[in-house]
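Structure, as structure tokens:
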Amino acid sequence: MKELNLFIRPDKLESVKCILIDEFHCGGMTVLNVMGCGSQKGFTDEYTGVRTNVNLLPKLQVEVIVNDEDVDRIVDRICEETVTGHSGDGKIIVKDVCDVIRVRTKEHGKDAV
């Protein structure tokens, strides 16, 4: 099993949810509001006459556990759907998962996802 950490533009969430739930039938996901910066570098704005550098931009972090054999196809689909061609499209981090345990039933592995 793998954990995918997706950092995406907020307006791309519905597309990502459709891919993960409808196409790949993932058992669940966690979505977090986050702020961050990367190559996008933010922007400069003026608030009440004071010039401010806004370098933390709103993003969404989506965490999901998937089967090893689905990782490449999921990553390809998410990249296809979320790309705009501009800085700030996001990142996908793939991590190994040793085990998952469902607290209620104590099921392990794929059965717990």
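Sequence positions, counted from 1, serve as the residue numbers for this chain.
Scored by the salt bridge (Lys or Arg N to Asp or Glu O under 4.0 Å) test, E23 finds R77 as partners (sequence neighbours excluded). Every residue two or more places apart in sequence or in another chain was checked for a side-chain hydrogen bond (donor to acceptor under 3.5 Å, both in side chains) with E69, and none qualifies. The side-chain hydrogen bond (donor to acceptor under 3.5 Å, both in side chains) check on K91 picks up nothing, with sequence neighbours excluded. The salt bridge (Lys or Arg N to Asp or Glu O under 4.0 Å) search around K12 returns none, not counting sequence neighbours. Looking at residues two or more places apart in sequence or on another chain, you find no side-chain hydrogen bond (donor to acceptor under 3.5 Å, both in side chains) involving D68. For the salt bridge (Lys or Arg N to Asp or Glu O under 4.0 Å) test, no residue two or more places apart in sequence or in another chain qualifies with D22. Applying the salt bridge (Lys or Arg N to Asp or Glu O under 4.0 Å) rule to E63 yields no partners; only residues at least two apart in sequence or on another chain are considered.
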Under 3.5 Å, which donor-acceptor pairs do the side chains of residues 106-113 form with other protein atoms, sequence neighbours left out?
residue: E107; atom: OE1; partner: R102; partner atom: NE; Å: 3.0
residue: E107; atom: OE1; partner: T105; partner atom: OG1; Å: 2.8
residue: H108; atom: ND1; partner: D99; partner atom: OD2; Å: 2.7

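Taking 4.0 Å as the cut-off between side-chain N and carboxylate O, D70 and R73 count as a salt-bridged pair.
Applying the side chain to side chain donor-acceptor pair (under 3.5 Å) test to every pair with at least one member in residues 24-38, sequence neighbours left out, gives no pairs at all.
Side-chain heavy-atom separations under 4.5 angstrom define the hydrophobic clusters, and the remaining members of the one that includes V94 are L4, L6, I8, L13, V16, I19, L20, I21, F24, M29, V31, L60, V62, V64, V66, V71, I74, V75, I78, I92.
Taking CD1 of I65 as the start and CD of E3 as the end, the distance is 4.5 Å to the nearest 0.5 Å.
M35 has its side chain out of reach of K59: every pair of non-hydrogen atoms, C-beta onward, lies at least 4.5 Å apart.
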